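Beneath this line is the structure, given in structure tokens, with notes to follow.
Along the sequence shown, residues are numbered consecutively beginning with 1. Every value quoted in this text rests on a predicted model; they were computed, and no experiment measured them.
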Amino acid sequence: MKDKKKLIINAVIAVAVYAVVMVLVNAGVLSRQMMSLIIPICTYVMLAVSLCLVVGFLGELSLGHAGFMSIGAYTGALVMIGTKNLPSLVSLILGLLVGGICAALFGLLIGIPVLRLRGDYLAIVTLGFGEIIKSIINSMTGITGGAKGLSKIPLNTTYRNFTVVFILTMIVIIVVAHLVNSRHGRAICAVRDNYVAAQAVGIPVSKFKIMAFVVAAFLAGMAGVVYAGNIGILKPANFDYNTSIEILVMVVLGGMGNIKGSIIAAVILTALPELLRGAADYRMLIYSIVLIALMLFNNSSFKKMMMEKRNMRQSDKVRKEGV
């Protein structure tokens with residue numbers, strides 16, 4: 001009953017957000033600058049939620065998410081270029097499927113050997129993977145355009161349609177949320193909470209680590225296709241380690257293992273630099289100060305929540321002993 005009520009509340013919030021944005025767009029209230037931010041915000045929400053599965057729920061630090069995004073972006077863009085004579089929605093769906101599958105395959109190939117590592121070692125290897133992918137794309141001038149970029153991506157209105165992108169964003173959020181709340185999701189969280197204990201009770205740790213990694217890579221690939229369809233030109237420099245760190249900051253700022261927090265952080269961190277563009281030289285200074293303040297607030301809120309949970313456990317223990 002509680003889960004059903006929570007599902008209804010989340011659905012109402014999603015519909016309300018969509019309705020508000022559509023009303024603002026149709027009424028002409030949003031400026032041209034704000035209009036241009038709608039699709040990028042959805043894209044970074046997809047990236048943050050997908051990375052939250054690995055960093056927040058699996059508990060592994062990955063710095064190669066931009067690599068999976070670039071694989072999805074380039075393969076999806078090539079598919080959309082090759083199918084430009086088909087209906088735009090069909091071309092987009094094919095691009096999403098091919099881009100997501102290619103990113104997932106790379107996630108599987110990288111995940112099998114790499115996920116034997118943990119902590120800082122995993123972060124270093126995934127960071128290297130992202131840079132290798134960028135270098136490969138940079139060298140494939142005949143296919144990807146190299147440093148000049150891939151520039152023949154059709155700028156169809158379907159690729160920039162807020163309704164289509166919003167539905168894709170909701171699909172990504174629903175997939176991650178349902179996976180986390182499923183039996184497999186509980187096993188993934190068990191691996192995060194206590195690696196040794198999870199192995200001791202018979203949970204196939206490697207299987208669930210690779211599963212989370214592959215699903216996150218697939219969703220990041222889909223987000224890359226949306227990014228490609230919106231921006232119209234792809235360059236390897238757009239997918240460097242700074243992009244991976246930016247996505248990771250969204251997950252950390254939103255709270256580890258908090259899907260709603262990742263969504264809110266993605267919205268804030270995507271919109272804030274553009275909203276502060278009028279501040280000229282002080283833009284990045286203000287952005288940094290706001291980011292630090294949000295991190296401090298998030299840390300204090302987390303400590304307060306953990307303190308409340310500990311007090312509740314102690315109260316339950318005292319009550320049971322009293323009985």
Is the shortest heavy-atom distance from the side chain of [X] to the side chain of [Y] under 4.5 Å?
X	Y	result
L53	L219	no
S206	K209	no
F162	V21	yes
L97	V79	no
S70	K134	no
L248	L51	yes
F106	T75	no

Taking every non-hydrogen atom, the tightest pair across [X] and [Y]:
X	Y	result
A212	I188	CB-CD1, 4.0 Å
V225	G95	CG2-O, 3.4 Å
M222	L96	O-CD2, 3.6 Å
A73	A228	O-CB, 3.7 Å
G149	K235	CA-CG, 4.0 Å
I233	N238	O-ND2, 4.3 Å

Exercise. Considering the options V175, V176, I171, T169, which one meets the side-chain contact (heavy atoms from CB on, under 4.5 Å) requirement together with I173?
Worked result: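 The residue from V175, V176, I171, T169 that satisfies side-chain contact (heavy atoms from CB on, under 4.5 Å) with I173 turns out to be T169.
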For this session: Take L58 and V191 through the side-chain contact (heavy atoms from CB on, under 4.5 Å) test and state the conclusion after the steps.
Result: CA-CA 7 Å; L58 182 61; V191 174; 4.3 Å; yes
Exercise. Under the 3.5 angstrom rule, does the side chain of R186 hit a backbone N or O of V180 as a donor-acceptor pair?
Worked result: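 Checking the backbone N and O of V180 against the side chain of R186, no donor-acceptor pair under 3.5 Å is found.
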For this session: Report yes or no: does T270 contribute a side-chain atom to a donor-acceptor pair with the main-chain N or O of V267 at less than 3.5 Å?
Result: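 Answer holds: no.
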For this session: Walk me through it: do Y74 and I137 pass the test side-chain contact (heavy atoms from CB on, under 4.5 Å)?
Result: CA-CA 9 Å; Y74 275 93; I137 292 172; 3.4 Å; yes
Exercise. According to the interplanar angle, ranging from 0 to 90°, do the rings of F166 and Y18 count as parallel (below 30°), tilted (30 to 60°) or perpendicular (above 60°)?
Worked result: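 Tilted: the ring planes of F166 and Y18 meet at 30° to 60°.
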Would [X] and [Y] show up in the same hydrophobic cluster when neighbours are defined by side-chain heavy atoms closer than 4.5 Å?
X	Y	value
V25	V45	yes
I71	I210	yes
L168	L179	yes
I101	M46	yes
L63	V125	yes

Rounded to the nearest 0.5 Å, how far apart are [atom1] of [X] and [atom2] of [Y]?
X	Y	atom1	atom2	result
C42	L37	SG	CG	11.0 Å
D240	T243	CG	OG1	4.5 Å
N230	N161	CG	CG	11.5 Å
I132	N138	CD1	CG	14.0 Å
E246	H65	CD	NE2	12.5 Å
I153	L234	CD1	CG	4.0 Å

Exercise. Does F129 have any ring pair (Phe, Tyr, Trp, His ring centres under 6.0 Å) partners at least two apart in sequence or in another chain, and if so, which?
Worked result: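 For F129, the residues satisfying ring pair (Phe, Tyr, Trp, His ring centres under 6.0 Å) (neighbours in sequence not counted) are F68.
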Problem set entry | Worked verdict on T83 versus V90 for side-chain contact (heavy atoms from CB on, under 4.5 Å) | CA-CA 9 Å; T83 59; V90 175; over 6 Å; no
Which donor-acceptor pairs under 3.5 Å do the side chains of residues 250-266 make with protein atoms, sequence neighbours left out?
{"residue": "N258", "atom": "OD1", "partner": "K260", "partner atom": "N", "Å": "3.2"}
{"residue": "N258", "atom": "OD1", "partner": "G261", "partner atom": "N", "Å": "3.0"}
{"residue": "K260", "atom": "NZ", "partner": "N10", "partner atom": "OD1", "Å": "3.4"}
{"residue": "S262", "atom": "OG", "partner": "N258", "partner atom": "O", "Å": "3.1"}

For this session: Dump the intermediate steps for side-chain contact (heavy atoms from CB on, under 4.5 Å) on L269 and Y44, then the final yes or no.
Result: CA-CA 9 Å; L269 295 185; Y44 277 98; over 6 Å; no
